[in-house]
Amino acid sequence: MVREWQGALVVAGMMLAMTAQAQQTPPPVPGAMQQKVATDALPPPAEDKVTTLEEVRALKPEDEPLDLYRFKNPVTPAPNRFSKSWSEPPTPEQVSLSGGYLFMGINYGLMAAAKGLHKLTNGRDQIQSAIARPPPQLTPEQQRRAARFCVQDGCAPAADPP
């Protein structure tokens, strides 16, 4: 047992000696020879060999690539009553971006509850179409008063009162 330890210590000592020897600096070179060695050891300036690229931007492809072997249905059905309520299922990417299936289920349940509450209370929709109203009409009495005022003030009435 002792001999095994001694062998391991000798190997470890040899490895330490080799690493220490490898880290030693070389001995100084005399005068002119030292300058020549110093200039030869330096690599040439890298400025001449460096190529700088212009700004690179990744562009999103405009359309899907043309797949000649993909099935294209020749029949396009017209929209019907089911088209409004149907939506494609989310892709795994959309699921992960929106918090996962559990979070999406909770949100779906909350939206369904809000829609039911909205229907129960007979509230207005959040998005309503614009309703045009007719321009305001003056009563005949108001038109006569406006005409009298205009005559007193010196302006010409736009139209004769009925």
Side-chain angles (χ1 to χ4, degrees), residues 15-16 19-20 22-26 28-29 34-162:
M15 290 178 69
L16 284 173
T19 56
Q23 292 177 359
Q24 289 179 357
T25 58
V29 181
Q34 185 176 7
Q35 277 184 338
K36 185 173 189 285
V37 169
T39 56
D40 288 345
L42 293 175
E47 296 168 0
D48 300 334
K49 296 181 182 179
V50 173
T51 303
T52 305
L53 297 176
E54 296 296 322
E55 182 179 359
V56 178
R57 292 184 181 206
L59 299 176
K60 182 178 179 183
E62 293 178 12
D63 291 327
E64 288 184 38
L66 179 62
D67 185 5
L68 298 175
Y69 299 105
R70 185 183 65 151
F71 174 73
K72 185 173 180 183
N73 192 355
V75 177
T76 306
N80 55 26
R81 69 171 54 199
F82 302 109
S83 300
K84 188 164 57 166
S85 61
W86 169 256
S87 63
E88 288 291 324
T91 64
E93 181 184 10
Q94 291 170 337
V95 170
S96 65
L97 289 176
S98 62
Y101 285 110
L102 181 65
F103 195 68
M104 284 180 64
I106 291 170
N107 284 342
Y108 180 76
L110 289 174
M111 286 192 311
K115 193 181 288 186
L117 181 66
H118 180 72
K119 196 169 196 169
L120 282 175
T121 58
N122 268 345
R124 288 183 168 185
D125 291 333
Q126 287 184 353
I127 299 173
Q128 298 177 11
S129 57
I131 300 172
R133 61 178 188 172
Q137 295 291 323
L138 297 177
T139 62
E141 176 59 34
Q142 291 172 333
Q143 288 178 351
R144 281 193 291 278
R145 280 187 9 218
R148 274 196 314 252
F149 179 75
C150 201
V151 169
Q152 290 174 359
D153 211 16
C155 67
D160 291 332

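For the single chain, residues carry numbers from 1 onward in sequence order. Computed over heavy atoms, backbone and side chain alike; hydrogens, waters and symmetry mates excluded. Being a predicted model, the structure only gives us computed values, none of them experimental.
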Sequence-distant partners of Phe71, side chain to side chain contact (heavy atoms under 4.5 Å, CB included), two or more places apart: Asn73, Pro74
What residues form a side chain to side chain donor-acceptor pair (under 3.5 Å) with Asp67, not counting sequence neighbours? none
Glu88: which residues meet the salt bridge (charged side-chain N to carboxylate O under 4.0 Å, His left out) condition with it, sequence neighbours left out? none
Please identify each residue that fulfils salt bridge (charged side-chain N to carboxylate O under 4.0 Å, His left out) with Arg81, with sequence neighbours left out. none
For His118 and Arg124, which heavy atoms make the closest approach, and how far apart are they? CE1-O, 2.7 Å
Who passes side chain to side chain donor-acceptor pair (under 3.5 Å) against Asn80, sequence neighbours left out? Ser83
Sidechain-backbone polar pair: Gln152 side chain, Phe149 backbone, donor-acceptor under 3.5 Å: no
Under the side chain to side chain contact (heavy atoms under 4.5 Å, CB included) test, residues paired with Thr121 that sit two or more places apart: Leu117
Which residues share a salt bridge (charged side-chain N to carboxylate O under 4.0 Å, His left out) with Arg70, sequence neighbours left out: Glu64
Kindly state each residue pair satisfying salt bridge (charged side-chain N to carboxylate O under 4.0 Å, His left out) with at least one member in residues 132-141, sequence neighbours excluded. Glu141-Arg144
If the condition is side chain to side chain contact (heavy atoms under 4.5 Å, CB included), which residues does Thr91 pass it with, not counting sequence neighbours? Glu93, Gln94
Partners meeting side chain to side chain donor-acceptor pair (under 3.5 Å) with Arg57 (sequence neighbours left out): Glu55
Mind jotting down which residue pairs meet the side chain to side chain donor-acceptor pair (under 3.5 Å) criterion with at least one end in residues 105-117? Sequence neighbours excluded, please. none
According to side chain to side chain contact (heavy atoms under 4.5 Å, CB included), who are the partners of Gln137, at least two apart in sequence or on a separate chain? Pro135
